[in-house]
Amino acid sequence: MVRLGFIIGFIALLGALLSGLAAYRVHDQELALDRIALARAIDVHASLVQDRLTERELLARVASGLFRAPSVIKPDMLEPLRSAIYAFKTDFVVAGWIARLKPNELTAAKTAIAGAGFPNPTIRSYDDKPIDPAEITQPIDVLLDLEPRSDETKALPGRSYDQDPVRGAMLTRARIEKRSVASDPIPLLRGNGPVGIIVAAPVIPEGATEPAGFVTFSYELASLMLTNDDMSLFSVALRDPRKEGSELVANDQGIVSTRMTAAEAAPSATRTVSFGGRDWQLGYYAKTNSARRAEQTAIIVAAIGFAITAMVCGLFGYVAYNNLRLSREIQVRIGFERRLTAVIDELNHRVKNILAVIQSIVTRTLRHGADIDGARELLIGRIHAMSNVVSLLSESQWQGVKLKGLFEARAIPHADRIAVTGPDIAVSARAAQSLSLLFFELASHSDEGLSLVGKHPHITASWTVTGEGTDEVFHFRWEELNTSEATRRPDSDFGLILLDRVAPEALGGTAKRFFTEASYVYELTAPMETVVDMTERDRTDKISAPVRPAR
C-alpha cells in the first residue's frame, strides 16, 4: 500500500508540473495575440478617423477657395457653393458664411438677411441680445447665410460670435493664422443640441491681407471621431480639451457625454489625430480583459491536464478506493444503528409526555365533573386539541408550529368568531401543546347563552413581542367583548388550573384574568426563549440530521 501510494504521488506530481507548464505557455501566447489584435484594430480605427478628418478639413479649404466674397452685401451668398458642397460631403450639420462686417455695413447686412427670408434680421450677440450699431467701433463677425435652411436653423443668421467664448476664439485664431481652425467641442444649433466641432476656413480676397469672412462647417462629434461597431474590441473616448482629467464618450444612440477619468482606469492605448490646426487625443479602452481571458484559457488547459493526471492516478488508486469504501460503509452502518436507537429513545420520551398530558386531562376533567355529558364533551374537545397540535408538529417534523395555526376550526370551538392578530411566530412543541389546550379552554367557555346585547360574544386573540435579544417578551391577550361574569359560563376546575398555573408555568411566565365593564380578559406574559425553545429544535435537528461516516 505504501509503494502504491508513492507511485500515485509521483505520477500526480509529474502531471501537475506538465499541466502548469502548458498553462503558462498558453497564457503568454493568448496574451500576446490579444495585444497584437487590439493594437492593429486601434491603428486601423485611428487611420480611418484621420482620413475622415482630413476630408472634412479639405472640404472647408476648397469651399473657402471657391468662395468669392461680394463687394456688396447681398442675400444667398452660399448659393454658388451649394452644389459643390453637397457633391463633396453631406454629413455636416450646418454650413455657414460668417462675414466680417464694419460698423457702417451692419444696416446693409440687416437688409440682406431680411431679403433672404430669415425671420430675425436684427444684428445681435450670440445669446440673441440686440447690438446697437452706434456702439460698434471695430469689425464684427456676423452669420449671414447657412445651409441647410430649416425651422431650427433659420433663426441663427444675424448673430455675432465675437463674444462667444468658443466660436469667437476659433474665428480669432483663424483670422490670425489665416488657415482653417477647429473649435472646442460645443453643443450645435441650441444649448442642449448634439455635441460637435466647428471648423472655420478664412476667405481672403485677392490682394487683401485680412479675411472678408469665414466659411464654417459643423460636425457631430460622435460620427466624426467616436463611431465604432458593436463587434469591435474597444470603445473610443476623446480627451476633452476644455477640462483636464475629463473625456468625451458616445453611447449607442450617438449621444455624447462627459466623464471624469480615473488613474486606475487608464486607456489601453492612445492615438493622436490632427484636425483644424490642432491635435486631438483619442483613448481606446479594451472591451474585454485580455489578462483575464488568457488566465481563463490557461485555467482550462491546466484543468484538462489535471483531469488526465487524475484519471491516471485513479487507475492506480482503484484498489485503495475499494478498501476505503468498504470501511466507510461499515462506519455508516454503525452510525445509522446508533441514530436509530437515539430516535427510538426520543420517540418514547415524547410519547410518554403526550400520554402524561392526556392522563392529566382525563383525570382533571372527570374528577370534578358532576355532569357526565358535559365532562365527556370537554374531554373529547381537549383530546381533539391535543391531537391537532400533534398533527401540526408531525407535519413540521417537530420543528415547531405557527401560532396562527393553533386557531384552526377543527380544534378550536367558534374559531370563525375569533379575530386573530399578531406576528405569525413559530412556537416550540412544548409551548404549542400548552397554548393549544389554553386556547381550547378559553374558547369552550365563550358561548354559554347570549351576551349583554343579546348576541354571541365577539372574541379577539392578539399577541405581540417586545424587547430585543434575550430580553424579548411574549404578550398574549384574549378578550370576549359584550361579556360579563353573569353571562359567561364559569371555568371548570381543570380550566382554572390550566389558565392560572399550568400554562404560565409551562412557559415560565405569568397570567391573569379579569372582567371589565363589558368584556372578559385573559392575559399571558412569558419570555420568548421559552416560547420558542431553540434547544428543543436543536435536539430535533441533531436527531434528523443525515448519518455521516466518521473521519
Side-chain angles (χ1 to χ4, degrees), residues 10-56 91 185 220-241 244-275 278-314:
F10 177 76
I11 295 175
L13 179 61
L14 181 61
L17 290 176
L18 293 176
S19 301
L21 179 61
Y24 176 77
R25 293 295 301 273
V26 168
H27 177 272
D28 286 351
Q29 292 176 0
E30 286 290 327
L31 197 59
L33 291 175
D34 284 348
R35 288 175 177 174
I36 292 173
L38 180 63
R40 293 185 61 180
I42 290 174
D43 289 339
V44 170
H45 183 271
S47 177
L48 293 175
V49 170
Q50 183 62 71
D51 292 343
R52 189 183 304 125
L53 295 177
T54 302
E55 291 177 356
R56 274 61 181 177
D91 62 341
E220 289 191 20
L221 185 60
S223 59
L224 189 65
M225 297 187 187
L226 303 179
T227 54
N228 209 358
D229 57 75
D230 297 335
M231 302 300 294
S232 65
L233 303 175
F234 52 81
S235 59
V236 191
L238 174 67
R239 179 169 293 180
D240 194 344
E244 187 68 24
S246 63
E247 58 188 13
L248 299 168
V249 294
N251 60 13
D252 297 338
Q253 289 75 35
I255 300 175
V256 178
S257 59
T258 304
R259 71 182 182 189
M260 302 304 296
T261 57
E264 62 273 9
S268 303
T270 57
R271 296 292 186 271
T272 302
V273 293
S274 299
F275 181 62
R278 59 194 299 182
D279 292 334
W280 304 81
Q281 191 173 58
L282 298 175
Y284 294 88
Y285 295 86
K287 290 183 178 180
T288 59
N289 191 327
S290 300
R292 182 176 299 175
R293 184 171 176 270
E295 290 176 358
Q296 292 175 349
T297 306
I299 290 173
I300 293 174
V301 172
I304 294 174
F306 290 149
I308 295 174
T309 302
M311 292 174 61
V312 174
C313 294

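Nothing here was measured: the structure is a model prediction, and the numbers come from that model.
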Which heavy atom of [X] sits nearest to which heavy atom of [Y], and what is that distance?
X      : Y      : answer
Tyr285 : Ala237 : CE1-CB, 3.9 Å
Thr309 : Ser19  : OG1-OG, 4.3 Å
Pro185 : Trp280 : CD-CZ3, 4.1 Å

For this session: Taking Ser268 for its side chain and Ala286 for its backbone only, find out whether a donor-acceptor pair lies under 3.5 Å.
Result: yes
With [X], which residues qualify under salt bridge (Lys or Arg N to Asp or Glu O under 4.0 Å), at least two apart?
X      : value
Arg52  : none
Arg259 : Glu247
Glu220 : none

With sequence neighbours left out, what residues match [X] under side-chain contact (heavy atoms from CB on, under 4.5 Å)?
X      : result
Leu14  : Leu18
Leu53  : Val49, Gln50, Leu224, Met225, Val273, Phe275
Ile255 : Asn251, Gln253

Problem set entry | Qualifying ring-ring contact (aromatic ring centres under 6.0 Å, His included) pairs, either residue in residues 28-47, two or more places apart | His45-Phe234, His45-Tyr284
Once you round to the nearest 0.5 Å, how far does [atom1] of [X] lie from [atom2] of [Y]?
X      : Y      : atom1 : atom2 : answer
Asp34  : Arg292 : CG    : CZ    : 13.5 Å
Thr258 : Leu248 : OG1   : CG    : 4.5 Å
Thr288 : Leu233 : OG1   : CG    : 6.5 Å
Ser232 : Lys287 : OG    : NZ    : 3.5 Å
Thr261 : Asp240 : OG1   : CG    : 10.0 Å

side-chain hydrogen bond (donor to acceptor under 3.5 Å, both in side chains) with [X]: which residues, sequence neighbours excluded?
X      : value
Asp43  : Arg271
Glu295 : none
Ser274 : Asp279
Thr270 : none

Under 3.5 Å donor-acceptor pairs involving side-chain atoms of residues 23-32, not counting sequence neighbours:
| residue | atom | partner | partner atom | Å |
| --- | --- | --- | --- | --- |
| Glu30 | OE1 | Arg293 | NH1 | 3.3 |

For this session: Find out whether Val44 and Leu48 are in side-chain contact, i.e. whether some heavy atom of one side chain is under 4.5 Å from a heavy atom of the other.
Result: yes
